[in-house]
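Order of the sequence lines sets the chain letters (A, B, ...), proteins ahead of strands, with each chain counted from 1.
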There are 2 protein chains.
Amino acid sequence: MEAARELFWEKGFEATSLGDVVKRAKANPGSLYYFCKTKEDLLLAVLERYRELVWPVVMEPAFNAVDDPMVRIFAVLEGYRQGLMATDFARGCPIGSLSLEIGEAFPSAREKIAANFDGWVGWVKKCFDEAGDQLPPEVDRAALARFVLTVMEGAVMQARAYHSLAPFDSAVEILRDYLARLVTEAEART
Amino acid sequence: MEAARELFWEKGFEATSLGDVVKRAKANPGSLYYFCKTKEDLLLAVLERYRELVWPVVMEPAFNAVDDPMVRIFAVLEGYRQGLMATDFARGCPIGSLSLEIGEAFPSAREKIAANFDGWVGWVKKCFDEAGDQLPPEVDRAALARFVLTVMEGAVMQARAYHSLAPFDSAVEILRDYLARLVTEAEART
DNA sequence: GTCTATAACTCGATAGAC
DNA sequence: GTCTATCGAGTTATAGAC
């Protein structure tokens, strides 16, 4: 299962054969079949696993490291930046990649992907909620949190295509500028 | 070739077999092989074709329909919105999808994907350049144009995952708010 | 529950006649 | 240049012994 998660991340779903999975897991085809009837089931299990991992792997480090909730957002994004660097752009956001690859092929997988996005966005929304009156009251915290995900996914995609952190950094910088303008506006209001 | 382009768009690269391609094209395996030795060659040809299509398909309609370069940006984004609706979220940005699916598998394809992104961003940058002093002078037009691509890709990804235009519309709305703030700042400066 | 062996099929790629 | 036929490898999935 962990082997499947790694391989889907590295090579994608279709490009990973069940043979690859059993080989990586040092198991046998029969054992895989015992736990998981089809490749689609394996994908669903992997997506469920990712949902459990988003807090300990992506969010918790940022929440522990940074008190200011508005700054914490950028610690989360910095995590993805580190991931890109550590893998030499070979791996970005596994959910984003699977999202576009799966498309309409497996509706149940698509739902689990949406659930993964919801979980991610939920944590970021918590930050914006916690920020309180640092943001103007009329700003939609949920929409803003989703926008952070939007920017992260688009930025990771381009960084991988170019093998360069420049598109990622420049996107984060513009997001930072936008949030700073919102904060400035909230301050001017008081 | 056109058949391959459609199928890579609909199902992705790995999920499309050369058999699918010859069937869609009503051709024979031998003919495909005559023009294109490998599946990777076919992918490169498709990506090259996309580079030619970005102006007539994506940009030209928006450039013809809208004079104001800052408004034109949103006509481009509206085109993607229409595409999502017309295909019931089955197809988004073909380059974005191929980008994440290919990853490191085919370096030459990765370069062509980056070239596609460059082309797209180039047209949007033209709009910002044309906007002149509607934007503050210190704003980096190239980075801002790339940010529009970032937002579009992230927004299309989520719209497809949720089968809903809401994440797309909300991202575009926030982008619109950001650009409006830049314009307001430029006006205040004069 | 885990192993070996393999069925049933599809894949990309190609040879050789026309 | 386009056809038919097919190779050999790799695919998902499974049966049946241990």
Side-chain angles (χ1 to χ4, degrees), chain A residues 1-50 90 94 97-113, chain B residues 1-50 90-91 94-95 97-113:
Chain A
M1 238 287 308
E2 207 61 15
R5 196 175 60 80
E6 288 173 20
L7 285 164
F8 290 170
W9 194 12
E10 291 169 23
K11 319 203 305 172
F13 176 71
E14 292 285 351
T16 298
S17 76
L18 297 184
D20 293 338
V21 175
V22 294
K23 198 159 121 191
R24 170 80 59 107
K26 286 174 193 134
N28 316 92
S31 305
L32 178 57
Y33 178 70
Y34 182 80
F35 290 108
C36 230
K37 296 257 153 242
T38 69
K39 198 182 178 186
E40 180 177 358
D41 289 342
L42 186 58
L43 173 61
L44 296 177
V46 163
L47 288 170
E48 190 56 36
R49 178 73 178 139
Y50 271 123
S97 302
L98 287 173
S99 158
L100 292 185
E101 183 180 357
I102 298 312
E104 309 301 293
F106 306 104
S108 52
R110 198 176 53 70
E111 282 173 29
K112 282 200 181 291
I113 286 165
Chain B
M1 239 285 307
E2 206 62 13
R5 196 175 60 79
E6 289 173 20
L7 285 163
F8 291 171
W9 194 13
E10 292 170 23
K11 320 204 305 174
F13 176 72
E14 292 285 352
T16 298
S17 77
L18 297 184
D20 294 336
V21 175
V22 293
K23 198 159 120 189
R24 170 81 57 109
K26 286 173 194 134
N28 317 92
S31 305
L32 178 58
Y33 178 71
Y34 180 81
F35 289 107
C36 229
K37 297 256 154 247
T38 70
K39 198 182 179 186
E40 180 178 358
D41 289 342
L42 186 58
L43 173 62
L44 296 178
V46 163
L47 288 170
E48 191 56 36
R49 177 74 179 139
Y50 271 123
R91 282 172 259 179
I95 306 302
S97 302
L98 288 172
S99 157
L100 292 184
E101 182 179 357
I102 298 314
E104 309 303 293
F106 306 103
S108 52
R110 198 177 51 69
E111 282 173 29
K112 283 200 180 288
I113 286 165

Visitor: Under 4.0 Å: is that the gap between some side-chain N or O of B/Asn28 and OP1 or OP2 of D/dT4?
Guide: yes

Visitor: Between A/Glu101 and A/Gly12 (side chain of the first, backbone of the second, donor and acceptor by atom type, cut-off under 3.5 Å), is there such a pair?
Guide: no

Visitor: Separation of A/Leu18 atom CG from C/dC11 atom C1', in whole Å?
Guide: 15 Å

Visitor: Could you measure the distance from the CG atom of B/Leu47 to the CD1 atom of B/Ile95? Nearest 0.5 Å is fine.
Guide: 5.5 Å

Visitor: Which whole-number value in Å describes the distance from A/Asp41 CG to D/dA13 C1'?
Guide: 12 Å

Visitor: I'd like to know whether A/Cys36 forms a side chain to side chain contact (heavy atoms under 4.5 Å, CB included) with A/Met1, so could you lay out the CA-CA distance, the side-chain angles of the two residues, the decisive distance to 0.1 Å, and finally the verdict.
Guide: CA-CA 9 Å; A/Cys36 230; A/Met1 238 287 308; over 6 Å; no

Visitor: Does a side-chain N-to-carboxylate-O contact under 4.0 Å join B/Glu14 and A/Lys11?
Guide: no

Visitor: If the cut-off is 4.0 Å, is A/Tyr33 near the phosphate of D/dT14, judged by side-chain N/O to OP1 or OP2?
Guide: yes

Visitor: Taking the side chain of A/Pro29 as heavy atoms from C-beta outward, which of D/dT14, C/dG1, C/dA13 is closest to it?
Guide: D/dT14

Visitor: Within this structure, what is the CG-to-C1' distance between B/Leu32 and D/dC3, rounded to whole angstrom?
Guide: 14 Å

Visitor: Please report the distance, rounded to the nearest Å, between CG in B/Leu7 and P in C/dC11.
Guide: 12 Å

Visitor: Mark yes or no for whether A/Lys112, through its side chain, and A/Leu43, through its backbone, hold a donor-acceptor pair below 3.5 Å.
Guide: no

Visitor: Rounded to the nearest Å, what distance is computed from the CZ atom of residue A/Phe35 to the P atom of nucleotide D/dT12?
Guide: 19 Å

Visitor: Provide, to the nearest angstrom, the distance between the CD atom belonging to A/Glu14 and the P atom belonging to D/dG10.
Guide: 18 Å

Visitor: Could you tell me how far apart A/Lys39 (NZ) and D/dT14 (C1') are, to the nearest whole angstrom?
Guide: 17 Å

Visitor: Within the pair B/Ser17 and C/dC11, is there a side-chain N or O less than 4.0 Å away from OP1 or OP2?
Guide: yes

Visitor: Answer yes or no: does a side-chain N or O of A/Tyr34 lie under 4.0 Å from OP1 or OP2 of C/dG1?
Guide: yes

Visitor: Atom NZ of A/Lys37 and atom P of C/dG1: how far apart are they, to the nearest Å?
Guide: 14 Å

Visitor: Think A/Ser31 has a side-chain N or O under 4.0 angstrom from the OP1 or OP2 of C/dG1?
Guide: no

